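Only a predicted model underlies this, so the values are computations on that prediction, with no experimental measurement involved. Here is how names work: the chains are called A, B, and so on, in the same order as the sequence lines, proteins then strands, and each is numbered from 1.
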Number of protein chains: 2
Amino acid sequence: MNNFIELSNEETNQLASSFEEVHVKKRQFIVQPGFTNMHRAFVIKGAFRAYVITNDGQDHTLQFAIENWWVSDFNSYIYQHPATLFIVALEDSTILQIEYNQEQELKKSNHKFETFFRIMAEKGLAFEHRRILFNLTNSAEARYENFLLNFPNFVNRVPQYALASYLGMTTEFLSRIRNKRVKKS
Amino acid sequence: MNNFIELSNEETNQLASSFEEVHVKKRQFIVQPGFTNMHRAFVIKGAFRAYVITNDGQDHTLQFAIENWWVSDFNSYIYQHPATLFIVALEDSTILQIEYNQEQELKKSNHKFETFFRIMAEKGLAFEHRRILFNLTNSAEARYENFLLNFPNFVNRVPQYALASYLGMTTEFLSRIRNKRVKKS
DNA sequence: CAATTAAAATGAAGTACATCAAGAAAAAGA
DNA sequence: TCTTTTTCTTGATGTACTTCATTTTAATTG
């Protein structure tokens, strides 16, 4: 957090006491459709996947999160209405979570915290802009190559079918792309 | 702006004086690749399109903006590095624009302004999350139907090829979707 | 309003991907 | 360590969408 704003000791304590450490077992859900997402989570250990299941049973991944990433059903969280996403732990994990109302308090009480969350939202938005453009302009294979390049840490920690659904293709097709690559090299 | 925060007269004046009214002719660019996007623009009249052109000459639309929408190359603006997008006026238009440094000043000087830009970024991020999920989970035809439903005001004001490239399909394919619809009804 | 240019429509052919089905490999649980 | 479940692989087939080429329609400009 000190990358974005500089905090006094007192502020650091205030912040720390707003977050709660929670342990989550593999395959456990921290968000489910129908329930409002009451917390924003920061991953300090482990990995998560945020995804939807459509009416016809298809599974699509919106986001992965490993150490030092935030994860939530952001629409559910900021509007405080029922979630549409599942968020599940891919490994035994530990998160720091802040409750919605506490976050509002923090932001209201101190300009610095407001700034922090503003910057975080802006960076998130810029990131998603890049993602949308990349998805519009590239083939399935190029999207995979790009993911390898930009997120090498994620690749070995997320199941292939989940990565495929994040990249907008089927697990079968991603399998073929991968095997083609292996043979090439 | 008063939807998000409540401003005193003085604050309203401060805000107003930070923005500059600019008239833009149809086909005129307000952002071009290679140049840093120095302003964030709020459309008070007219329409804009933000798009990239890839190496192979293909054109992909990231965003449209009409009255009451903001538009910028957000990555270029917040990081103050060269733009990758073109932003062009689709009609003779009028915008209110704020310069990057002025925006920083506003946010620094007054917690309320910080809050305003934080909320705007959050809503933008939530919007893009919905968009990404929708694009992942729906066919070309469903994406078009959804656009009609959610953005009826845009449909008649943006060229078909631009809408097609926003929705991730070719202009020919969108043409076929539209004509199929017409015949049905 | 005539001439030019840009945008949209339409047909025919091609391709990047999905779907389905079955088996192999890997991971989880007992 | 054996069994069960989950994930990945591979082939065959199908389809949603693209590409290319041409004509029609609409918008822009002199």
Side-chain angles (χ1 to χ4, degrees), chain A residues 25-28 46-47 49 51 53-61 64 86 88-93 134-147 154-184, chain B residues 25-28 46-47 49 51 53-61 64 86 88-92 134-148 154-184:
Chain A
K25 284 269 170 215
K26 183 166 179 175
R27 278 168 225 274
Q28 190 181 325
R49 176 166 85 103
Y51 62 100
I53 296 194
T54 58
N55 293 332
D56 58 322
Q58 275 192 314
D59 170 320
H60 296 273
T61 301
F64 296 113
F86 294 90
V88 70
L90 298 172
E91 310 169 0
D92 290 350
S93 304
F134 201 88
N135 285 170
L136 282 175
T137 53
N138 290 86
S139 69
E141 185 164 0
R143 274 177 268 141
Y144 174 64
E145 295 288 346
N146 182 62
F147 188 88
F154 283 73
V155 178
N156 310 314
R157 295 176 69 180
V158 306
Q160 183 184 85
Y161 66 87
L163 178 53
S165 81
Y166 176 87
L167 294 172
M169 67 187 84
T170 58
T171 183
E172 293 95 329
F173 198 68
L174 180 51
S175 170
R176 284 177 236 265
I177 288 172
R178 281 178 153 169
N179 292 341
K180 198 172 66 179
R181 276 173 54 82
V182 171
K183 278 170 200 158
K184 267 189 200 164
Chain B
K25 284 267 171 217
K26 184 168 179 174
R27 278 168 226 274
Q28 190 180 324
R49 175 166 85 103
Y51 63 101
I53 296 193
T54 58
N55 294 332
D56 58 321
Q58 276 192 315
D59 170 321
H60 295 273
T61 300
F64 296 114
F86 294 91
V88 70
L90 298 172
E91 309 169 1
D92 290 350
F134 201 87
N135 285 343
L136 281 175
T137 54
N138 290 86
S139 68
E141 185 165 0
R143 275 177 268 141
Y144 173 64
E145 296 288 346
N146 182 63
F147 188 88
L148 281 188
F154 283 73
V155 178
N156 310 314
R157 295 176 70 180
V158 306
Q160 183 183 87
Y161 67 87
L163 178 53
S165 82
Y166 175 87
L167 295 172
M169 67 186 85
T170 60
T171 185
E172 293 96 329
F173 197 67
L174 180 51
S175 169
R176 285 178 235 266
I177 288 172
R178 281 178 154 169
N179 292 341
K180 198 173 65 178
R181 275 173 55 82
V182 171
K183 278 171 200 159
K184 267 188 198 163

Practice problem: Name the orientation class of the two ring planes belonging to Phe154(B) and Phe147(B) (parallel below 30°, tilted from 30 to 60°, perpendicular beyond 60°). | Solution: perpendicular
Can you name the atoms? Protein N/O to nucleotides 25-30 of chain D N/O, anything below 3.5 Å, with the distance.
unit_1	atom_1	unit_2	atom_2	d
dT28(D)	OP1	Lys26(B)	NZ	2.3

inquiry  = Between Thr170(B) and dC17(D), is there a contact of a side-chain N or O with OP1 or OP2 at under 4.0 Å?
reply    = no
>> Do His60(A) and Thr54(A) have side chains that approach each other closer than 4.5 Å (heavy atoms only, starting at C-beta)?
In response: yes
Correct closest heavy-atom pair for Phe64(A) and Leu90(A) would be CD2-CD1, 4.4 Å
Closest to the side chain of Arg176(B), out of dA8(C), dC20(D), dT10(D), is dC20(D)
note: Asp59(B), atom CG; dA6(C), atom C1'; distance rounded to Å ~ 14 Å
Rounded to whole Å, CG of Asn179(B) lies from C1' of dT10(C) at a distance of 9 Å
note: Leu163(A), atom CG; dC8(D), atom C1'; distance rounded to Å ~ 13 Å
To the nearest angstrom, the OH-C1' distance between Tyr161(B) and dA6(C) comes to 8 Å
Out of dT10(D), dT10(C), dC17(C), minimum distance to the side chain of Ser175(A) belongs to dT10(D)
* Donor on one side chain, acceptor on other, Tyr144(B) and Arg178(B), under 3.5 Å -> yes
query: According to a strict under-4.0 Å criterion, is Arg143(A) in side-chain N/O contact with OP1 or OP2 of dC17(C)?
result: yes
NA contact type, Phe173(A), heavy-atom cut-off 4.0 Å: base, sugar-phosphate, or nothing?
base
| said: Below the 4.0 Å mark, does dT18(D) have OP1 or OP2 next to a side-chain nitrogen or oxygen of Gln58(B)? | reply: no
Rounded to whole Å, the CG-P distance (Leu90(A) to dT6(D)) equals 15 Å
DNA chain C nearest-nucleotide lookup for Ser139(A) and Glu172(A): closer to the 5′ end is Ser139(A)
Query - Under 3.5 Å donor-acceptor, Ser165(A) side chain and Thr61(A) backbone - result: yes
Here the distance between atom P of dA18(C) and atom CG of Leu167(A), to the nearest Å, is 11 Å
Whole-Å distance, Lys180(B) NZ to dT10(C) P, equals 14 Å
To the nearest angstrom, the CZ-C1' distance between Arg178(B) and dA7(C) comes to 11 Å
Exercise. For Asn55(A), does the CG atom sit with more than 12 other heavy atoms under 6.0 Å from it, leaving out its own atoms?
Worked result: no
When Met169(B) and Thr171(A) are each assigned the nearest nucleotide of DNA chain D, the 5'-most assignment goes to Thr171(A)
Of all heavy-atom pairs linking Lys26(A) and Asp92(A), the shortest is N-OD1, 2.8 Å
With the side chain defined as heavy atoms from C-beta on, Gln160(A) is closest, among dC17(D), dC8(D), dA18(C), to dC8(D)
